[in-house]
Amino acid sequence: MRVDEIMIDVENLSKKFGDVTAVDEVTFHVNEGEVFGFLGPNGAGKTTTVRMLSCLISKTSGDARIAGYDINNTDDSLKIRKLIGLVPDNVGLYEELSAYKNLDFYGKLYECNKIQREENIEHFLRMLGLWEKRDVAAGAFSKGMKQKIAIARALIHEPEILFLDEPTVNLDPESSKMVRDFIMELKKEKKTIFLNTHNLDEAQKICDKIGILNTKLMATGTPEELEGSVWGNKTVIQLEKVNDMILDELNKLSLKKIIYDNNKLTIDVVNPKKENPIIVAAIVRAGGQVQYVTELSPTLEDAYLKFVR
Amino acid sequence: MKLWKSWVIASKDFSVFRKKKSVIYSVILIPLLMSIFLPFIIGSAGMKGSGVTIAEFASLLNSFSFFFVILAASLTTVIASYSLIGEKIEKSIEPLLATPTTDKEILLGKSFAAFLPPILSIYIGLGIFMVLIDKMTYNTLGYFYYPNWNIAIIIVLVAPLASILSVELGVILSSRVNDVRAAQQLGQLIIIPFFGIYILGEIGYISLGINSMLVISAIMLVVDIFLFYISTITFRREEILTKWK
């Protein structure tokens, strides 16, 4: 498969349940090997989108292709389900069965042969540190361990695309980190990953590209692009005292916007590396005494709140 | 349709059932107890020489063998509830539906899982019942009452059709109920018509002979086909994920 091939291609995809629109004309694409994060509040349509893309529920309108296969074509839907791995928001393991038997059952349904099943089960359980506990009933595992087994279950057939629906929700910080580290390992293996989350920190750490969904797709881009879309960079300069001479000197630089409050200047800049030294030099020229200079950057949270509110 | 996938699903369910003692006790013990208890009653009646005619005796045996049809319907409900509602409760239905398996393959797998253990148990129970009855009644009747056409129809037609009826009812109930016990209690309503037939047989209103068994089988076949249609409509991915309670 060609690098940068579009693995998930979504065009004006919508889903209605009766009169309620769950997903409204969403358009985006995810390239091979990319980690795409879907951010949005509860009820934004994240799970519905994953279910449509996994061919679990039908679309109302629009188009979507997974590795070139049409989600609305009955013959293609079985091929899509073979190509993808899904970790739903509930782990849904068979609690009475051992970790090994859980994975073996799914390996069979994904049509893996015996050797492939045995190798992959051992590979993933060792990778997750659960090989020694392979015969323990899944019900005896902690939430974090269960979540890891659920991810291994979705990977048992070596899918090209992995859908993760809020994989760290309800997990304690340590378990969340375990799961996140595992996703990072998969990222290194160049798996295409579609991650539903409302954990902004997680999205920022893991995702190459992010979509902010609130029934409609409000924005897409890299985390940096989304952060930059809120406002440009700001430089904050704390002076011993701000006076008119300093302000006059700064006004000569044709800066976009200067706010000062309590001897602190907040200046909008386009290129901080180039403009900051010029600004500081102008202040010093006007007799100002600089106490510190710092950069104020918008966060993903600022971007998220801007688009979701 | 890949039948082996249905068998994989059924085999997984068998492994789950093996861990549930209540299921094992219901499926194995009840037919076993019935297969011993009913011949004991018949044997006692025969041995006491209570003035029962051979025709009345045969009618009593036919009625008692119909008990196993009631059991087939009842026990299948127990298993079907665990098989389908268990998946709902443990939230394991979504990952199962996400596999490259068709709705029909899953439904068939679940049906195998709910149908086979009770029907096998019923067959074993009926085997013991027939052997004990023959042993206890040979001196009274002068011949081996079993096997006969009546029990053959029960084994081949009536009991399996009653069991299939329960499976299909279980699928339909699973879409509306979220609790295994509630499903089992509602599912047990299925035994009412069978119990009605048994009572009508006991009071002599109908005979539970070969002709009646064939008529009952034909009616059940029609009902099974109708419920199969309803259950396939109910058991669709989108319905399960968005409309099942």
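Throughout, protein chains are lettered first and strands after them, A, B, ... in sequence-line order, and every chain is numbered starting at 1.
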Undergrad: How close do Pro88(A) and Pro95(B) get, heavy atom to heavy atom, and via which atoms?
TA: CG-CD, 3.8 Å
Undergrad: Are the side chains of Arg51(A) and Leu241(B) in touch, meaning some heavy atoms are under 4.5 Å apart?
TA: yes
Undergrad: Can you give me the closest heavy-atom contact between Pro100(B) and Lys82(A), atom names plus distance?
TA: CG-CG, 3.9 Å
Undergrad: Side chain from CB out, backbone as N, CA, C, O: work out which of these in Leu96(B) comes under 4.5 Å of a heavy atom of chain A, or both, or neither.
TA: both
Undergrad: Do Trp4(B) and Glu111(A) have side chains that get closer than 4.5 Å, going by heavy atoms?
TA: yes
Undergrad: Indicate the atoms forming the closest heavy-atom contact of Ser92(B) with Tyr106(A), along with that distance.
TA: O-OH, 3.8 Å
Undergrad: Can you tell me how far the CZ atom of Arg81(A) sits from the CG atom of Leu97(B), to the nearest 0.5 Å?
TA: 8.0 Å
Undergrad: Is it true that atom CZ of Phe17(A) has more than 12 heavy atoms of other residues, nucleotides or ligands lying nearer than 6.0 Å?
TA: yes
Undergrad: Go through it in stages, so that I can follow the logic: the residues are Glu87(B) and Tyr94(A), the test is side chain to side chain contact (heavy atoms under 4.5 Å, CB included), and I'd like the CA-CA distance, side-chain angles, deciding distance and then a yes or no.
TA: CA-CA 8 Å; Glu87(B) 295 266 4; Tyr94(A) 297 108; 2.9 Å; yes
Undergrad: Among Val87(A), Thr48(A), Leu93(A), single out the residue with the greatest number of heavy-atom pairs under 4.5 Å to chain B.
TA: Leu93(A)
Undergrad: Which heavy atom in Val16(B) sits nearest to a heavy atom in Glu96(A), and how many Å separate them?
TA: CG1-OE1, 3.7 Å
Undergrad: Would you check if the side chain of Arg237(B) reaches a backbone N or O of Leu56(A) as a donor-acceptor pair within less than 3.5 Å?
TA: no
Undergrad: Which atoms of Ile89(B) are under 4.5 Å from chain A, going by heavy atoms: the side chain, the backbone, both sets, or neither?
TA: neither
Undergrad: Where is the tightest heavy-atom contact between Glu94(B) and Leu86(A), given as atom of each residue plus distance?
TA: OE2-CD2, 4.2 Å
Undergrad: Flag the one option from Glu105(B), Lys19(B), Glu90(B), Glu239(B) with the top tally of heavy-atom pairs under 4.5 Å to chain A.
TA: Glu90(B)
Undergrad: Does atom OH (Tyr69(A)) have a neighbourhood of more than 12 heavy atoms from anything else shown, all under 6.0 Å?
TA: no
Undergrad: Examine whether an atom of Thr101(B) lies under 4.5 Å from a heavy atom of chain A, and if so say whether it belongs to the side chain, the backbone or both; otherwise answer neither.
TA: both
Undergrad: Does any heavy atom of chain B fall under 4.5 Å from the side chain of Ser58(A), the backbone, both, or neither of them?
TA: both
Undergrad: For Phe163(A), which atoms come within 4.5 Å of any heavy atom of chain B: side chain, backbone, both, or neither?
TA: neither
Undergrad: Are there over 12 heavy-atom neighbours, none belonging to Lys187(A), within less than 6.0 Å of that residue's NZ?
TA: yes
Undergrad: Take atom CZ of Phe14(B) as the centre, draw a 6.0 Å sphere, and report whether it contains more than 12 heavy atoms from other residues, nucleotides or ligands.
TA: yes
Undergrad: Is Phe228(B) atom CZ crowded by more than 12 heavy atoms from other residues, nucleotides or ligands, each under 6.0 Å away?
TA: no
Undergrad: Measure distances from Leu97(A) to the heavy atoms of chain B and classify the residue's part below 4.5 Å as side chain, backbone, both or neither.
TA: side chain
Undergrad: For Leu109(A), is there any backbone N or O sitting under 3.5 Å from a side-chain donor or acceptor partner on Lys5(B)?
TA: yes
